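Counting convention: from 1, in listed order, for ligands and their atoms alike. Predicted model only: the values in this text are computed from it and were never measured.
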Amino acid sequence: MNERVHELLNDQINKELYSAYLYLDFSNYFKRVGLDGFANWYMIQAQEERDHAMLFYQYLQNENQVVTLKAIDKPDKQLDSHMAVLEAGLEHEKYVTSLIHDIYAEAYKIHDFRTMQFLDWFVKEQGEEETNANDMITKMELFGSDPKSLYMLNQELAARVYSAPSLVL
Ligand code: FEO
């Protein structure tokens with residue numbers, strides 16, 4: 001495998017685990033303010049991010065590449081309001097999209113078709129992640145200021161259940 005592509009794929013394990021850590025912190029924020037549904041939604045989001053990390057880990061191992069695990073950064077977003085959390089989520093997903101695109105661009109440059117095919121799932125997934133993050137902001141804008149509506153929204157988010165990723169390696 002090309003050295004740069006290998007390095008970026010390996011780094012992505014860390015970025016996805018950081019994402020899991022960040023969403024755990026979001027879940028923690030919502031638990032603290034009594035919005036259990038939001039806390040549930042982000043707890044499941046954290047599980048999905050851990051799955052993403054494992055897919056990169058598994059792909060490198062399947063390709064007989066060395067995996068190097070690095071320290072995970074402390075979640076550093078300023079979580080001082082419900083909306084600040086949701087906006088930090090969207091900002092973070094846009095960043096992750098840019099990372100996936102950077103790896104794709106490197107793989108494309110050297111005709112690493114297998115890595116490109118592996119990343120296709122993530123390109124699509126990031127589109128969904130950004131849509132979800134955007135939807136959360138829209139819903140909060142619409143319903144966040146009315147306690148009854150916020151309660152209903154919280155109930156809706158409490159219904160989210162975990163499902164394993166559709167990509168199997
Ligand atoms: Fe692993 Fe939310 O992107």
Side-chain angles (χ1 to χ4, degrees), residues 4-31 35 37-63 65 67-79 82-108 112 114-140 153 156-169:
R4 182 67 184 144
V5 170
H6 177 212
E7 187 187 358
L8 290 175
L9 287 168
N10 191 82
D11 281 351
Q12 197 62 29
I13 299 171
N14 186 273
K15 303 287 185 187
E16 300 290 346
L17 287 174
Y18 171 80
S19 302
Y21 217 30
L22 181 67
Y23 288 132
L24 209 54
D25 206 28
F26 286 13
S27 185
N28 182 39
Y29 167 88
F30 283 116
K31 187 81 185 164
L35 289 169
F38 282 79
N40 171 64
W41 201 91
Y42 281 110
M43 181 64 83
I44 290 169
Q45 194 61 28
Q47 282 176 276
E48 284 197 358
E49 298 300 351
R50 188 205 52 206
D51 289 339
H52 294 170
M54 291 313 295
L55 286 167
F56 282 96
Y57 175 91
Q58 194 67 59
Y59 178 68
L60 284 175
Q61 287 196 341
N62 288 358
E63 295 292 311
Q65 299 298 312
V67 169
T68 309
L69 297 177
K70 298 175 183 173
I72 303 163
D73 288 341
K74 180 175 185 277
D76 58 348
K77 306 278 187 191
Q78 202 64 39
L79 311 181
H82 307 344
M83 191 56 102
V85 176
L86 305 188
E87 280 170 349
L90 177 61
E91 182 194 26
H92 183 67
E93 285 305 331
K94 285 182 174 170
Y95 168 63
V96 174
T97 297
S98 78
L99 296 174
I100 299 289
H101 289 182
D102 287 349
I103 311 172
Y104 206 105
E106 284 297 323
Y108 180 79
D112 181 349
R114 202 152 52 215
T115 296
M116 285 159 66
Q117 194 188 43
F118 164 70
L119 289 172
D120 279 341
W121 185 86
F122 285 93
V123 171
K124 185 163 176 280
E125 175 74 7
Q126 280 312 121
E128 289 169 16
E129 296 275 67
E130 285 186 34
T131 300
N132 289 341
N134 254 316
D135 287 352
M136 292 287 264
I137 291 172
T138 304
K139 285 177 178 173
M140 185 60 84
L153 179 55
E156 180 191 316
L157 298 175
R160 184 182 186 189
V161 289
Y162 169 75
S163 64
S166 54
L167 179 65
V168 180
L169 294 180

Among the N, O or S atoms of [X], the one nearest atom 2 (Fe) of ligand 1:
{"X": "Glu93", "result": "OE2"}
{"X": "Glu49", "result": "OE2"}
{"X": "Glu129", "result": "OE2"}

| query | Going by atom types only, do Gln126 and Glu130 share a side-chain donor-acceptor pair under 3.5 Å? | reply | no
| Among the N, O or S atoms of His52, the one nearest atom 1 (Fe) of ligand 1 | ND1
| remark: Of all N, O or S atoms in Glu16, the one closest to atom 1 (Fe) of ligand 1 is OE1
| Salt bridge check: are Lys74 and Asp25 linked by an N-O gap of less than 4.0 Å? | no
| field | Salt-bridge criterion met for Arg4 and Glu7 (N-O under 4.0 Å) | value | yes
| query | Among Tyr29, Tyr42, Phe38, which one satisfies ring-ring contact (aromatic ring centres under 6.0 Å, His included) with His82? | reply | Tyr29
| request: Could you tell me how the ring of His92 sits relative to the ring of Tyr95: parallel (under 30°), tilted (30 to 60°) or perpendicular (over 60°)? | output: tilted
